[in-house]
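Below: the structure, in structure tokens.
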Amino acid sequence: MGKSSKDKRDSYYRLAKEQGYRARSAYKLLQLDAQFNLFKDVTRVVDLCAAPGSWSQVLSRSLVAKGKDRDHNVVGSETKEVQEDQSKPKVKIVALDLQPMTPLPGVITLQADITHPSTLPLVLKHLESDSANVDLVVSDGAPDVTGLHDLDEYIQAQLLLAALNLATCVLRPGGNFVAKIFRGRDVAELYCKLRIFFERVTVAKPRSSRGSSIEAFVVCENYTPPEGFQPSLENPIWTGPTRQEDIAGQIAEVSLDDAPNGRWVAPFVACGDLSEWDSDATYQLPDTDENGVKRVSIDPIQPPTAPPYKTAIEMRRKLGNGGKIDKI
Amino acid sequence: MKSRSYVGPVTSLAFLGDDLFVGHGLELKFFTLSSSQPLLQWRKRIFKRERIQGIQLSPPTQDGEPVSDANVLLWGGKRFQILQLADLMNPSFNTSIEEEIPAPDWILHSVFLEPDGKVPRIAMMTAHNTILTYRHDQGIELASRYKWYPSPERCLLYSATLFRDSMVQTSDNLVAIAGTVFGEVLLWKLDTTQEKVPEKVELSSRYLSHEGSVFGVSISPEFSYAASCSDDRTIRVWDIEADITGSEGCREVKEPLAIGWGHQARIWGVRFLQAEEGYVRIISFSEDLTAKVWSMRLNGSKSLICTKTFKNLHSASGKNIWSLAVHPSERRFVTGGADSGIASWNILEDVRETLAIKETVANLEEILPPPSTLGAGKPTKDEPRKYVALGSRSFIVAMSSGWLLHCNLSQPGIEWQKVGFWPRIKNMSAMGAGMFGVDGTCNYVVALGDNTGKVLLQTWRQGLLLTPADSVNQDWIQICDTRPSDIFFSRYQNIEDPHSVYAAVTTFKPDTPIQLLKINVGTAEIPTIAQSWSLIPPDTFPFTAILVYACEGRIFCLAGSRHGAFALYSIIADGSTINPLKTWRHVHDDESITSLALKGISSQTDANASADSPIELLLTSTGRSGAYKSHKLFLDTAVQEYELFEINAVYPAAVPRVENYHKFTTSSTAEYEIIYGFRGRDFVLWNQTLGLEAASYDCEGGNRSWDFSFGADEDAQSEGLFVFTKSKKCYVVEFKQILRNPLLQTPFHGREVKTLAISSQGTIATGAEDTIIRLSSLDHETNQLLPLAFRKTHTTGLQDLVWSPCGGWLFSSGSVEEVYSWKINAETKLQSGTVGMLREAVYEVSTENLPDLRVCGLDATTIYTENGDHYGFLVGMVRSDSSIKLALYDIAGKKFTTIAEGHYKTSCLLQIRFHLTTYGGILIITAGTDGHVTFWDITETMSTCGVSAKPITSSDSVALSLNGPQASTLTPAKLRSEQWILSQPIHQNSIKVLEILNREGSEILLLTGGDDTAISVSRVICEQHAGKLGTRISGMTTRLLERAHASAVTALAILSTKPSVPNHQEKGIEFLSSGVDQQVKKWCIKLGEDTAIGSVEVVEDIYVSVPDVSSLALIDTGDNTKKLVVGGVGVEVLEL
Ligand SMILES: C[S@@+](CC[C@H](N)C(=O)[O-])C[C@H]1O[C@@H](n2cnc3c(N)ncnc32)[C@H](O)[C@@H]1O
């Protein structure tokens, strides 16, 4: 799922390298913004599942540079931008991930599990506010897929629902929520749940997201919780029962007027212009770049900070001789 | 529509005594394993949409004997079912998916509790680290049957296991162990016996140090230890005793007792085995396709040592093992793969059985007299020079000193015998053995050559020398005038002349004649040379193998050479020097031919054969090229025609250096093809039929003196003997159980099927991410896929497969520009249940600097020559760099020639279809990631290449015809945007599937499915261009069905075949669609007047158990009905 033998370095990868983004994912958010104008009037954002941090980079560059020169293809201008950021105390970006994240100036980075109950209070603490006044919550959360489709889709949905629960606690009315979604067999149930909280729910596929990947993004606009809804840290919704009274609700299907069986298919939008790079295409790159410099193979933009199997690989190297560890 | 069969991941396994429950997709299967042959007893569907992830029996059967009112608990996702074992086991009892019970959250593990009288109770642990109990009283409202308990920490888990505190048998005290996404292992206890739900539950302990998600957790039977396994490729063992008994607060443990290193990929599960005295034992299974048994000493330094690795489980095409169950005896375990396979492995060899592989290093110094006693000069270092294995229990070795030794292995302990000592065979290498049967016993005639060109013959039977000692010492016969280099025997005993065995004696002198000997074994004890001939070798033809076939007084000898060639000789009784009749080069590329054997004689030649009627032989041969091949050899002496046709070629990846091939018939139904040879350091016996390794042994590579033989006599079937020299020592390796079949269920693709195509003859071709192409047939009664052939030839995951309209050829594509053509020989029954599959040609790679260039779409249409003969095909290829290639495929020359090429834009192209119009127009239709469908008129371009579309008089169809200039001499014509006659945006992004109903004619019914969840239906009207050659599109009506599926639409299949408009206005045209939402929908299109589309409506909609659906294809069942084959992560067959 998503991962395939052809997952090589494509045009967006090169572009990210050139423009100083930590991951090619940056373009997914940029293309979503181009379609939905997500950053308009946004000063307070929460970026969930943010490592290595390219979305945070996009956010900090876009929100801070807004109104001024939005052209940010200057490599290394980050620090400069950040200084401007500090002169504008209004902009607040809180980013969170399971993985450690290299600090980004102007961005509060936290390491935590979004599905853990202690995480929400942590985020709230760093937002330094009692009222729900966040304009935008974004979440690019994806689990390390196992290949068991139903389990992977369930876990991804739980990341999305954890993000939704957080959003219900911090979003101001009218705020927006954008989250990665796996369009698998039960995706219509998720759309349906999101529709209960937002006026408009669209599923968008940026051109920078590979066509072969199951991922897409739900763009939920205009946060309007149902009347009487009380967001709660203690009793998050749709993430399993948190008390005896929840059981009936967790078993029952959600239903909407136009989706009585709890399944509703969101309208689809492909975003990013056709003239932009196609992430599925293979491009013939000249051997030399525009300056006549020979192209060299490029390194990973931001190597995974700590792959879980790092120590295992080191161990193997120490022991030598491939798999012959058995005999020690 | 109704689901009829399924292949796909095996997600759960549980033993019931000796027998086995298997969770396979939505179904539970029951196999009996007690008899010699594992047998599927029944299969019953359990869930509507969930795969069975867990199976529990009540109460846990320790001794394997279930109690009479036992229950079975099955769960998957947020659903479970509780069934009475007795009901379930009754073959006529039908389960009902309506009985499935929804749970409030995802179930990771569940156990039975003490029943409430007759009412079963269970406890379940959810993915949010929460325990719920459930009382199966269907009389009360569902939510009230559950009891919720507070969680000590509500975080998301990857794994959890619940245990009832077995110290107190009837207790409902639970111990839960959980693995989080954050690398933590959590242990906690819950007492569910109390009526009152506790206010708060505490964690007992938190075990830290894993560096990735924890995928499996378990606790030892006596509750002393826990084990966890993770993304970080380690197994960690924890001491939990204090945490189980203690009650004060949560302990945080940062150091495991021991860490197990060795798996090379993610580890999915761990189980404890019964401990040996002083040890803890664990079994684990991983993404690296191994299972490992681990041992930890309780005293001294606590390290976790891997004591046994089970390699390559499900490796034929596998990637993952998803389930494992240990037999109650703990002597064996079963695994279930992502490849649909179920296999059984022995943890402990049964004491009554012999070891599967036994290695002995022979101490030859003890047997031979010390070199000094030989007299002559200074002692020379003696070493084994040449071996011949005579069946699996005896072999002969020639020593460099001139000693000839025999070794008998049929008794316990090795028995050596000195056959003789001849200084004339010092440092000699010419020795061979031929087999012949006498009254059902197996005899070997051994030929030994000396340094002067003399040969000695002797006969062995069951480890005994039959030839009297005096003839062994005297009867050396002059065969050639120089030292022989080798002696090869023909492996075929002619029925017509059972008393003759043939052997060829070669010498070190190149281009000198080879002596062919006819050895008379009529008197088995004293073999004699009845006749000999000098065979003149063709140029550069060092002999490496021979095969002699005698029939009706004619004798043919086929020879194989070191350079991959075959030569044929006709052996004339009175001749003495014989020239080859014919030579075929490059049969095994240019690599040495390692064996030659006769597989069969075509039946029609046997019937009324006369002295010069043609003969057709089926040959098998192996070569250092890494192949074993089958050929048809056609011999017509009357007209002196000798033809060799390759009909099958297999390059088993597991045996890159193939030495020999053998087919076994173990019973009327089971035939095994065993190939042996070397892979790296290992000597490997590979079972091609089962697609798995029968045995392997690390001998440090094949460049040494060695021999191998299978057991000859009936009681030695399944045995093999491998003898070789390493460091001047003689190693004896005895293999047992070579023919053991560990499979309970046949494996299929190990990763998702990306493309599926069915030939006009009903052969199903599937290509998957595991880089394998499989051919299967459908058993119309059981709806099972029967494997016909598989090839792991592509180096990347498959992108597309397309059959030639006739079904004789298959074209396949992958990444890195791979496009292959395959000849499928379905009519030649090489062996029941297989077809010949030959890679005929490779499309040339044009660019080296685009390693990621994928060939996403293919189409092929037949081309005839001007006089109506089958020339080959026009093959269209579209690729990820937006390029299109059109190539002629010449079936006689077996090669592709590019005749036209060009680019669409820069976006990735995914689909291509040819369309021929009645007036001779040639169109291609392409589609890709930009959501456009583009029609190209290539009529004129094709005509410059000599290709035109012509009506076929015999039917009302159109076909391509090739005339004029030989295409190969042309530079490819250009495909340009000027040839577009329409480029229509239909989808917002990728067009994942494109189908057209009528491939000929002036109206095209076009269907597309997109990543944007839409399906489009279009009627496209083509019209001949007035004035110039070509087509214009005079009308196109499109109906876009938005949100046709909940996610990407990836597959379409049109049910109707020939369109006839009036009919379709009433009945409509039916088609099927599917996508990532796992729904298959049947639609009906009602066409309107002219080009109008009346309506398109869903008429049926069902769920399939195959995730990631990539393809739908229809198969004729013969009686005018069709079945639907769905490909994705697995394959499902539906009745329509
Ligand atoms: C696709 S990456 C995000 C890329 C990021 N948006 C960027 O632009 O750099 C998905 C991330 O989800 C994170 N993730 C997965 N499960 C999580 C959890 N339970 N809590 C927090 N983060 C999680 C992973 O660690 C991973 O870094």
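Throughout, protein chains are lettered first and strands after them, A, B, ... in sequence-line order, and every chain is numbered starting at 1. Quick caveat: nothing in here was measured; it's all calculated off a predicted structure.
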Do you see a donor-acceptor pair shorter than 3.5 Å between the side chains of [X] and [Y]?
X	Y	value
B:D930	B:Y904	yes
A:S209	A:E215	yes
B:Q1078	B:Y1103	yes
B:H263	B:T290	yes

Select one option (side chain, backbone, both, neither) describing which atoms of [X] are under 4.5 Å from chain A's heavy atoms.
X	value
B:P102	both
B:T929	both
B:I101	neither
B:H932	side chain
B:L132	side chain
B:V181	both
B:T11	side chain
B:Q53	side chain
B:A103	backbone

Check each atom of [X] against the heavy atoms of chain B and say whether the ones under 4.5 Å are side chain, backbone, both or neither.
X	answer
A:S118	neither
A:W238	neither
A:A162	neither
A:P236	side chain

Q.
When you measure from the side chain of B:E769 to the backbone of B:R751, do you find a donor-acceptor pair of N or O atoms at a distance under 3.5 Å?
A.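 Flag not set: sc B:E769 to bb B:R751 has no pair under 3.5 Å.
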Q: Look at the side chain of A:Q31 and the backbone N and O of A:R207, then say whether any donor-acceptor pair between them is shorter than 3.5 Å.
A: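 Looks like yes, one N/O pair under 3.5 Å.
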**Q.** side chain to side chain contact (heavy atoms under 4.5 Å, CB included) evaluation trace for B:S1047 with B:D1077
**A.** CA-CA 6 Å; B:S1047 54; B:D1077 66 357; 3.6 Å; yes
Q. Looking at B:W294 and B:G262, what are the two nearest heavy atoms and their distance?
A.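 Closest heavy-atom pair between B:W294 and B:G262: CH2-N, 4.3 Å.
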Q) If you look at every heavy atom in B:D105 and A:P241, which pair is closest and at what distance? A)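 Closest heavy-atom pair between B:D105 and A:P241: CB-CD, 4.2 Å.
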Q. If you measure from the Lys or Arg side-chain nitrogens to the Asp or Glu carboxylate oxygens, is any gap between A:R185 and B:E50 under 4.0 Å?
A.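 Looking at B:E50 together with A:R185, the answer is yes, because their closest N to O distance falls below 4.0 Å.
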I'd like to verify something: which residue of [options] has the highest number of heavy-atom pairs under 4.5 Å with chain A?
options	result
B:E153, B:H987, B:R154	B:R154
B:T1013, B:V1076, B:D1011	B:D1011
B:T126, B:T906, B:T130, B:T234	B:T906
B:K78, B:H210, B:E1042, B:R49	B:R49
B:G260, B:G77, B:G928, B:A1046	B:A1046

Q: Determine, step by step, whether B:K992 and B:V1049 satisfy the side chain to side chain contact (heavy atoms under 4.5 Å, CB included) criterion, reporting the C-alpha distance in whole Å, the side-chain angles of both residues, the deciding distance to 0.1 Å, and the verdict.
A: CA-CA 7 Å; B:K992 298 249 172 190; B:V1049 181; over 6 Å; no
Return the option, out of [options], with the maximum number of heavy-atom pairs under 4.5 Å with chain B.
options	value
A:V187, A:D113, A:T146	A:T146
A:Q244, A:K205, A:Q250	A:Q244
A:D246, A:T239, A:V269, A:L159	A:T239

Q: Could you check A:L151 against B:W106 for side chain to side chain contact (heavy atoms under 4.5 Å, CB included), going step by step and ending with a plain yes or no?
A: CA-CA 9 Å; A:L151 179 67; B:W106 190 274; 3.8 Å; yes
Q: Using the ring of B:W148 (Phe, Tyr or Trp, six-membered ring only), decide whether A:R243 places NZ or CZ under 6.0 Å from its centre and within 45 degrees of its axis.
A: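 Here A:R243 fails the 6.0 Å and 45° test against B:W148.
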